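Keep in mind that what you see is a predicted model, and the values were worked out from it rather than measured.
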Amino acid sequence: MWMITIRSPEGEPQEYILKPGTNTIGRKLSNDIIISDSSASRIHADIHFSTAENKLLITDLDSTNGTYLNRQKVAGKAPLVARDIVRIGTCLMTVHHLHADKDPVERRKAGTRPLTRDMVIESFDSNAVLLYDIARQLNTLVDIEPALEKVTSLIQMSMGANSCQLLMASEFDNLEVIDFPASIAELAITTRSAVVIPDVMSEEDARIRESAILHRIRSALCVPIQASDESLLGLIYMYKSDPESRIACGIIPTPIVCIASA
């Protein structure tokens, strides 16, 4: 079974089970998959599900603003596989398969992720919906803590995490009381890098693996928030407990949140 999850700035994620044959996508209410975005055409694209081959094929139907697959504009038709990201306007569509673990997609290893130019570009492009909404809403906020709480709320909605919490630097001495493995938070603080655990069952560090299992966490992400003077303002940590899930649906999570000191 194939499923599409749609995330947009306008509300909660929506899920669509793909039916055999053609699934139309667009603003028109008669479409199989409705995109509530003014930049989407009335009938924008379609996804064909071949049950005989268990394969998907997406076709851009000469839309005005185009259809993008993994940051590349679709010219005509293109095959889809599990964890592909399709963008139409500001809406992101993630492809899921019922047996995603069997798909020939390389798993990401847990650990720290150094911030590179290529990773920044990929994060900004892949998280276009999230960053657009963060920028729009933060324009009305002045104080750092309410701003970070808004960021946390938007990240949880956009990434579909079971939990996403903000931990200010003043609370770093009480890591043992948070509903998240302290060992992961400590690693993010020490390395000042995002710590990614795509699958705790594959984690080599026994302490992290056992702590995550104890908290019933299947995948996790912990991102340090650093000010322009290089001091740490806090951490944003999130997790998923669904055995079939992956943090950010395969998107490379990086320390994208960086607040300048006043």
> Do W2 and I17 have side chains that get closer than 4.5 Å, going by heavy atoms?
Replying inline: no
>> Any non-hydrogen side-chain atom of N54 less than 4.5 Å from a side-chain atom of S50?
In response: no
> What is the distance from atom CG of L61 to atom CD1 of I43, rounded to the nearest 0.5 Å?
Replying inline: 7.5 Å
> What pairs with E171 under salt bridge (charged side-chain N to carboxylate O under 4.0 Å, His left out), at least two apart in sequence or on another chain?
Replying inline: none
> Do the non-hydrogen side-chain atoms of V86 and L92 ever get within less than 4.5 Å of each other?
Replying inline: no
> Which atoms form the tightest heavy-atom contact between L232 and P224, and what is the distance?
Replying inline: CD2-CB, 4.1 Å
>> Under the rule for side-chain contact (heavy atoms from CB on, under 4.5 Å), what residues qualify as partners of Y68, not counting sequence neighbours?
In response: K73, R87
Please tabulate, for the side chains in residues 18-31, all donor-acceptor contacts under 3.5 angstrom to protein atoms that are two or more places apart in sequence or on a different chain.
| unit_1 | atom_1 | unit_2 | atom_2 | d |
| --- | --- | --- | --- | --- |
| K19 | NZ | D32 | OD1 | 3.1 |
| T22 | OG1 | H48 | ND1 | 3.4 |
| N23 | OD1 | K19 | N | 3.0 |
| N23 | ND2 | K19 | O | 3.0 |
| N23 | ND2 | G21 | O | 3.4 |
| N23 | ND2 | I47 | O | 3.2 |
| T24 | OG1 | N31 | OD1 | 3.1 |
| T24 | OG1 | D32 | N | 3.1 |
| T24 | OG1 | D32 | OD2 | 3.3 |
| R27 | NE | A40 | O | 2.5 |
| N31 | ND2 | K28 | O | 2.8 |
| N31 | ND2 | R42 | O | 2.8 |

> Yes or no on side-chain contact (heavy atoms from CB on, under 4.5 Å) for T5 and M93, after CA distance, side-chain angles and deciding distance?
Replying inline: CA-CA 5 Å; T5 300; M93 303 168 54; over 6 Å; no
> Roughly how far, to the nearest 0.5 Å, is CG of L69 from CD1 of I58?
Replying inline: 6.5 Å
> What is the minimum heavy-atom distance between A188 and L235, and which atoms define it?
Replying inline: CB-CD2, 4.1 Å
> Taking all non-hydrogen atoms of both residues, which atom of F172 and which atom of L175 are closest, and how far apart?
Replying inline: O-CG, 3.1 Å
>> With a 4.5 Å cut-off on side-chain heavy-atom distances among I, L, V, M, F, W and Y, is there a chain of contacts connecting Y239 to L187?
In response: yes
>> When you compare the side chain of I4 with that of I6, does any pair of heavy atoms fall below 4.5 Å?
In response: yes
>> Any side-chain to backbone donor/acceptor pair from T67 onto D60? Under 3.5 Å, distance only.
In response: no
>> Testing the basics here: between I217 and F180, what is the closest heavy-atom pair and its distance to 0.1 Å?
In response: CD1-CD1, 4.1 Å
> Taking only residues two or more places apart in sequence or in another chain, which ones pass side-chain contact (heavy atoms from CB on, under 4.5 Å) with D62?
Replying inline: none
> Taking the side chain as C-beta and beyond, is there a heavy-atom pair between Y237 and L167 under 4.5 Å?
Replying inline: yes
> Could you give the distance from SG (C222) to CD1 (I184), rounded to the nearest 0.5 Å?
Replying inline: 7.5 Å
> What is the distance from atom CD1 of I85 to atom OG1 of T94, rounded to the nearest 0.5 Å?
Replying inline: 3.5 Å
> Taking side chain as C-beta onward, heavy atoms only, is L80 less than 4.5 Å from L57?
Replying inline: no
> Is D179 close to S163 at the side-chain level, that is, under 4.5 Å between some pair of heavy atoms?
Replying inline: no
> Who are the side-chain contact (heavy atoms from CB on, under 4.5 Å) partners of N65, not counting sequence neighbours?
Replying inline: S39
>> Please enumerate all residues that pass ring-ring contact (aromatic ring centres under 6.0 Å, His included) together with Y16, with sequence neighbours excluded.
In response: none
> Quick one: does H44's side chain get under 4.5 Å of I35's, heavy atoms only?
Replying inline: no
>> Before you tell me yes or no, could you show the steps for H97 and V95 under side-chain contact (heavy atoms from CB on, under 4.5 Å), namely the whole-Å CA-CA distance, both residues' side-chain angles and the distance that decides it to 0.1 Å?
In response: CA-CA 7 Å; H97 193 271; V95 181; over 6 Å; no
>> How long is the straight-line distance from OG of S41 back to CD1 of I88, given to the nearest 0.5 Å?
In response: 8.5 Å
>> Please give me the minimum heavy-atom distance between I236 and C164, naming the atom from each residue.
In response: CG2-SG, 3.8 Å
